[in-house]
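Contents: one structure, followed by commentary.
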Protein chains: 2
Amino acid sequence: MANNKLYKGSLITIILKLLDEGGKMYGYEITQKVKVITKGKLKITEGALYPALHKLEADGMLDVEVEKVDNRLRKYYKLTEKGSKETNSKLQELQDYIKTMQLLVNPKFSLD
Amino acid sequence: MANNKLYKGSLITIILKLLDEGGKMYGYEITQKVKVITKGKLKITEGALYPALHKLEADGMLDVEVEKVDNRLRKYYKLTEKGSKETNSKLQELQDYIKTMQLLVNPKFSLD
DNA sequence: AAATATACATAAATTTCTTATGTATAAGAT
DNA sequence: ATCTTATACATAAGAAATTTATGTATATTT
C-alpha cells in the first residue's frame with residue numbers, strides 16, 4: 001500500500017468508508033479514488049482489493065450489481081444495511097486506534 | 001492486541017517509542033507499561049513481543065544487557081543510534097498514516 | 001503497431017500476529 | 001503446606017492480511 005506497515009489492517013475500513021460516501025463503486029474506481037484523495041501516497045493493489053471485496057460480499061456487507069460499460073465489465077458494489085453498521089463500527093475502531101496510539105507516543109504527562 | 005486489526009503493524013513503533021522514553025526496558029516491563037498507559041485497552045502478547053525484540057536486535061536497532069534480579073533473568077533493551085533514527089522514522093510514519101486516513105474518512109470537502 | 005489504461009481474477013509467498021505450549025522462580029492466597 | 005497468580009524468558013503451529021506475480025480481455029493513446 002505505501003511501504004508503511006501501519007496500513008496493514010486498514011483496507012476494509014477504507015473500502016467501507018468510500019462506499020459509504022460514494023453510494024456505489026466498482027473495484028477499479030476505488031483504486032483510482034484512493035490515489036486521488038491521497039495524492040498518490042496510497043495505492044490499493046488489485047491483489048489485495050479484489051479478495052477483500054469478495055470477502056465483504058460473502059460476509060453480507062456488500063451487494064453486487066454487474067454492468068457492462070463500453071463493452072467492459074464493471075462490478076458495482078454498495079453497502080448493505082449490515083455493511084452500513086459495520087462501517088460505523090470500523091470508523092469508531094479507527095478513532096480508538098488513533099487515540100490509543102497518541103497516548104502511547106505523545107506522553108504529555110509523565111505517567112510513572 | 002485489541003481485537004482491532006488496525007494495530008497490525010504498530011508493534012515495532014510502540015516498542016521503539018517506549019524505549020525512546022524509558023531509556024532501557026525489559027520485555028515484561030514493556031507489556032505492563034502498555035497495559036497501564038492504555039488502561040488495559042491494549043495488551044502486548046509475549047508471542048508477538050519477544051520475536052519483535054529479537055528482530056530489532058538482529059537489525060541493529062537495540063542493544064541487550066542481561067541482569068539477574070531476585071534470582072530471575074531480565075534482558076534489558078536500549079536503543080542504538082540506528083534504533084534512535086528508526087524511532088523518529090516510525091513516528092513520522094505514524095503521523096503520515098493518521099493524516100492520510102483522516103483524509104480518507106473525513107471528507108470535509110467534496111473532492112469530485 | 002505498440003504501449004498504456006481500464007477491468008476483472010487468482011495463486012504463491014511473505015509478513016505479522018494469535019494461540020498454544022514450555023521452562024523457571026517469587027509472591028500471595030487458602 | 002499447597003495452590004494460584006505474577007514475574008520473566010522462549011518458540012512453534014496456525015491464521016489472517018497483504019505483496020508480488022500472473023493471467024485474461026477490451027479500449028484508448030502514442
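Letters A, B, ... are given to chains in the order of the sequence lines, protein chains preceding strands, and every chain is numbered from 1.
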For DNA chain C, which residues in residues 82-98 of chain B have a heavy atom at a distance below 4.0 Å? none
Nearest 0.5 Å please: distance from the CG atom of A:Leu94 over to the CD atom of B:Gln102. 7.5 Å
Specify the closest pair of heavy atoms between B:Asp20 and B:Ser84, including all atoms of both residues, with the distance to one decimal. OD1-OG, 4.3 Å
Distance, nearest 0.5 Å, that separates CE of B:Met1 from CG of B:Leu11: 5.0 Å
B:Thr100 (side chain) donor-acceptor with B:Asp96 (main chain) under 3.5 angstrom: yes
Do NZ/NE/NH1/NH2 and the carboxylate oxygens of B:Glu67 and B:Lys24 come within less than 4.0 Å? yes
A:Asn71 side chain near D:dA25 phosphate (N/O to OP1/OP2, under 4.0 Å): no
B:Asn4 side-chain N/O to B:Leu6 backbone N/O, donor-acceptor pair under 3.5 Å: yes
Residues 21-43 of chain B vs ring pair (Phe, Tyr, Trp, His ring centres under 6.0 Å), sequence neighbours excluded, gives B:Tyr26-B:Tyr76
Carboxylate-amine/guanidinium contact B:Glu21 B:Lys33, below 4.0 Å: no
Let me have a per-nucleotide readout for nucleotides 5-21 of chain C, 5' to 3', with B, S or -, counting only protein heavy atoms under 4.0 Å. SBSBBB-----BSBB--
